[in-house]
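To start, the structure itself, in structure tokens.
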Amino acid sequence: MSTIEATLHSNEQKAKQYVKNVYHATEQRNPHETEFLQAVKEIVDSLVPVLARQPQYMESGILERLLEPEKVISFRVPWVDDQGKVQVNRGYRVQFNSALGPYKGGLRFHPSVNESIIKFLGFEQIFKNSLTGQPIGGGKGGSDFDPKDKTDMEIMRFCQSFMTELYEHIGPDTDVPAGDVGVNAREIGYLFGQYKKLRGTFEAGVLTGKGLEYGGSLARTEATGYGLVYFVQEMLKDNGLEFNGSTVIVSGSGNVSIYAMEKAAEFGAKVVACSDSDGCIYDENGIDLDTVKELKEAGNERISAYTESHPNAKYLDDCSSIWSIPCDIALPCATQNEIDEETAKALIANEVKAVGEGANMPSTNEAIDVFRNNDVLFAPAKAANAGGVAVSALEMAQNSSKLMWSFEDVDARLQDIMKDIYQNSMQAATDYGTPGNLVAGANIAGFIKVADAMIAQGVI
Ligand code: GLU
């Protein structure tokens, strides 16, 4: 072994030990936060080659600082339901990292929300936002409020109460929330209205995902799903494949899923299945997206109702059954950990060629290993679903310049951003010794920018 090789080897051992120690300390400090720890493990393991080559990141305690949110806000959200009964939910905002810009990330309203979920989402958001190349830090928030089966007025009262507590902590240059699961244009509207009333000023840039009438951006609704397909298209192209002529499955039937289906179909794919939390539909002729939009965007219906107008489609009474349907490309767009090791193996048995994550952390770390070990092309969420937040940053730019760009302009910028994320992640993977590994590449490319900004700004 040459002297250089010996030094590299010893640095690598040091970096491995450092990562192990840091992860262990994170486990001790955050016991029971399984989702947060899962997200941390995936990132820190892939950073070993970076830390070995640039020990200054270890010396300046970057990981220790990155793993601790700058601020965690937790608050009571009382509201009155239609029966006059008082309900109490819990609200959160985790302001994770502001090295690159104001905290930026969505709000999730779902009964499963707890501090671990919001911390995992906020932590992922730091790297995702860094990858977009836009000046945005990482944050996330939400509530264990369940919007399902709530009336419009109940949703409004809940949003107003939520914002009554949150408003002091956010602002166009401080923290800019947006939507996530359970939070769409309607909720953003009610949240914005309450913020405006409490502040007494019209600060358009405080929230993104707004309606087009009052500061929203064209193409924001489509951005996450379209962006996912643009990213996966780049990955396929690099490997001599394409959407055109392939069979695609997209889990979920919310905003990300609907626009991923739309763009995949536009690129010539046949999308045969989608789902909601109750079950999934399988339409061999290709999903009729207008019907899905009618059920899910216009109405508040279950996906099972699809078979009423499409009697040839099958309904499977369990949302995880979607992964037993054969496909060339799988786009998980429903929720975290929807693909575990067994599911990954089932997809491989059905000869899946590529997986692109539209949801946040839809594959467990074990599932990712299975895909990688079986040469399935894998586009990780942090990179592949960054289109939504990227267009949110474009919405902020439009708001601060008081301009509104055309759909074509925003969409063209989105395509460029997704291509850049793909190229930068591939480049980082090659530079750090794991060519083609987009999981490592995205983590590394996202990390380096944040770490360098943190070093430049001193220990704060
Ligand atoms: N919730 C989305 C995400 O996971 C978008 C966040 C935003 O637009 O701020 O990235």
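Positions are given from 1 along the sequence. Order of appearance sets the numbers: ligands from 1, and atoms from 1 within every ligand.
- Looking at Q398, its side chain does come within 3.5 Å of a backbone N or O of W405 through a donor-acceptor pair.
- Comment: R90 does not engage D144 in a salt bridge, judged by the lack of any side-chain N to carboxylate O separation of less than 4.0 angstrom.
- Of the protein's heavy atoms, S392 OG, 2.6 Å lies nearest to atom 8 (O) of ligand 1.
- For atom 4 (O) of ligand 1, the nearest non-hydrogen atom from the set K128, E124, R108 belongs to K128.
- Between Y422 and F231, the ring center distance clears the sub-6.0 Å criterion.
- Taking the six-membered ring for Trp, F162 and F75 have ring centres closer than 6.0 Å.
- Geometrically, ligand 1 and G179 share a nitrogen or oxygen pair separated by less than 3.5 Å.
- Among all non-hydrogen protein atoms, the one lying nearest atom 6 (C) of ligand 1 is G106 N, 3.6 Å.
- Between E42 and K382, at least one side-chain N (NZ, or NE/NH1/NH2) sits under 4.0 Å from a carboxylate O, which counts as a salt bridge.
- Distance from atom 5 (C) of ligand 1 to its nearest protein heavy atom, with residue and atom name: R220 NH2, 3.5 Å.
- Residue contact check: A178 has heavy atoms under 4.0 Å from atoms 7 (C), 8 (O), 9 (O) of ligand 1.
- In this structure the side chain of K128 reaches within 4.5 angstrom of the side chain of N360, judged on heavy atoms.
- Heavy-atom contacts of K140 reach the following atoms of ligand 1: 1 (N), 3 (C), 4 (O) (cutoff under 4.0 Å).
- Here the two rings, on Y214 and F192, have centers that are under 6.0 Å apart.
- Taking 4.0 Å as the cut-off between side-chain N and carboxylate O, E203 and K196 do not count as a salt-bridged pair.
- For the pair N360 and ligand 1, the shortest N or O to N or O distance falls below 3.5 Å.
- Near G105, meaning under 4.0 Å from one of its heavy atoms, ligand 1 places the atoms 9 (O).
- In summary, the atoms of ligand 1 found under 4.0 Å from a heavy atom of D180, numbered by their order in the structure, are 1 (N), 2 (C), 4 (O).
- In this structure, the protein non-hydrogen atom closest to atom 9 (O) of ligand 1 is K104 NZ, 2.7 Å.
- A heavy-atom separation below 4.0 Å is found between Q125 and ligand 1.
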